Amino acid sequence: VQLQAYGGGLVQNGGSLRLACAASGFTASSYTIGWFRQAPGKEREAVSCITKGDGNNTHYAESAQGRFTISRDNAENTVYLQMNSLKPEDTADYYCAASGMLHPILDPLDSRGYDYWGQGTQVTVSS
């Protein structure tokens, strides 16, 4: 199971980026895929996730609600995170992770429920 996040970069305040999480060695649609981020000197925090199966329910952290959109492309075995109206406080390393089965009592955005993690992609939003 491998996950590779890419698409990060430098963008101005108010700009947009689309991150991609490419899965290999497994079928991403059979897993819940989450995006997390970690800013320098801060703890990792959840951004968004999309559940597995036909439901494809989405969940967003309050900081991402209304600005970010998570989606799947099953043909490409990839999950995307479209980020609009970016702010300097969105600057962080962004990671994607996969969960085969979310813990029944953990929030879907709780990182403890994720089994596999990819390398991060850096997002920098200039003010």
Side-chain angles (χ1 to χ4, degrees):
V1 173
Q2 286 191 326
L3 297 164
Q4 179 63 54
Y6 60 94
L10 174 64
V11 63
Q12 291 186 337
N13 189 14
S16 298
L17 280 175
R18 187 176 77 157
L19 304 184
C21 177
S24 59
F26 71 104
T27 301
S29 61
S30 298
Y31 286 72
T32 292
I33 304 295
W35 283 98
F36 299 82
R37 68 187 184 186
Q38 187 166 19
K42 295 187 177 181
E43 294 188 353
R44 182 174 58 196
E45 63 177 3
V47 178
S48 180
C49 72
I50 184 166
T51 61
K52 65 180 181 179
D54 294 334
N56 274 334
N57 294 320
T58 58
H59 302 267
Y60 296 93
E62 186 175 342
S63 60
Q65 190 74 43
R67 299 188 299 127
F68 296 1
T69 303
I70 191 169
S71 62
R72 290 185 184 273
D73 186 327
N74 292 336
E76 295 187 3
N77 212 28
T78 299
V79 171
Y80 295 98
L81 184 69
Q82 177 67 43
M83 305 189 296
N84 299 327
S85 302
L86 284 162
K87 307 173 182 179
E89 50 263 44
D90 294 317
T91 295
D93 289 327
Y94 284 70
Y95 301 86
C96 59
S99 172
M101 181 175 293
L102 291 175
H103 195 284
I105 64 170
L106 290 179
D107 187 278
L109 291 175
D110 193 319
S111 63
R112 294 174 294 177
Y114 290 79
D115 311 298
Y116 308 103
W117 292 79
Q119 298 295 317
T121 185
Q122 188 174 56
V123 172
T124 302
V125 184
S126 63
S127 58

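Basis for what follows: all heavy atoms, side chains included, without hydrogens, waters or symmetry-related copies. Predicted model only: the values in this text are computed from it and were never measured. Quick note: residue numbers are just sequence positions, from 1.
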message: Please report the interatomic distance CG(Leu86) to CZ(Arg67), rounded to the nearest 0.5 Å.
response: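 Here the rounded value is 6.5 Å.
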task: Enter the distance from Met83:CE to Arg18:CZ here, rounded to the nearest 0.5 Å.
output: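 The distance works out to 11.5 Å.
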Please report the shortest heavy-atom distance between [X] and [Y], naming the atom on each side.
| X | Y | answer |
| --- | --- | --- |
| Gly34 | Cys49 | CA-CB, 3.7 Å |
| Thr32 | Lys52 | OG1-N, 3.4 Å |
| Phe36 | Ala97 | CE1-CB, 4.1 Å |
| His59 | Ser48 | O-OG, 2.8 Å |
| Ala23 | Ala28 | CB-CB, 3.8 Å |
| Ser85 | Ser16 | N-OG, 4.3 Å |

Do [X] and [Y] come close enough that some side-chain heavy atom pair is under 4.5 Å?
| X | Y | value |
| --- | --- | --- |
| Thr69 | Tyr60 | yes |
| Arg37 | Arg44 | no |
| Tyr6 | Leu19 | no |

Using the rule that Ile, Leu, Val, Met, Phe, Trp and Tyr join whenever any side-chain heavy atoms are under 4.5 Å apart, tell me whether [X] and [Y] fall into a single cluster.
| X | Y | value |
| --- | --- | --- |
| Val123 | Leu81 | yes |
| Ile50 | Trp117 | no |
| Ile33 | Tyr114 | no |
| Val1 | Trp35 | yes |
| Leu3 | Tyr80 | no |

message: Does either side chain, that of Gln82 or that of Asn84, offer a donor lying less than 3.5 Å from an acceptor on the other one?
response: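 Looking only at side-chain atoms, Asn84 and Gln82 do form a donor-acceptor pair, the distance falling under 3.5 Å.
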- request: Tell me yes or no: between the side chains of Thr78 and Asp73, is some donor less than 3.5 Å from an acceptor?
  value: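 No pair is found: no donor N or O on one side chain lies under 3.5 Å from an acceptor on the other.
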Other residues, nucleotides, ligands: >12 heavy atoms within 6.0 Å of [X] [atom1]:
| X | atom1 | result |
| --- | --- | --- |
| Gln12 | CD | no |
| Gln2 | CD | no |
| Gln119 | CD | no |

Please check: side-chain N/O of [X] versus main-chain N/O of [Y], any donor-acceptor pairing under 3.5 Å?
| X | Y | value |
| --- | --- | --- |
| Ser99 | Gly113 | yes |
| Thr91 | Val125 | yes |
| Thr121 | Gly8 | yes |
| Tyr94 | Gly7 | no |
| Arg72 | Thr51 | yes |
| Lys87 | Asn13 | no |
| Asp93 | Gly120 | no |

- request: With sequence neighbours excluded, tell me which residues meet disulfide (SG to SG under 2.5 Å) with Cys96.
  value: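 Cys96 satisfies disulfide (SG to SG under 2.5 Å) with Cys21 once adjacent residues are dropped.
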query: Any chance the rings of Phe26 and Tyr31 have centres within less than 6.0 Å?
result: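 Yes - the distance between ring centres of Phe26 and Tyr31 falls below the 6.0 Å cut-off.
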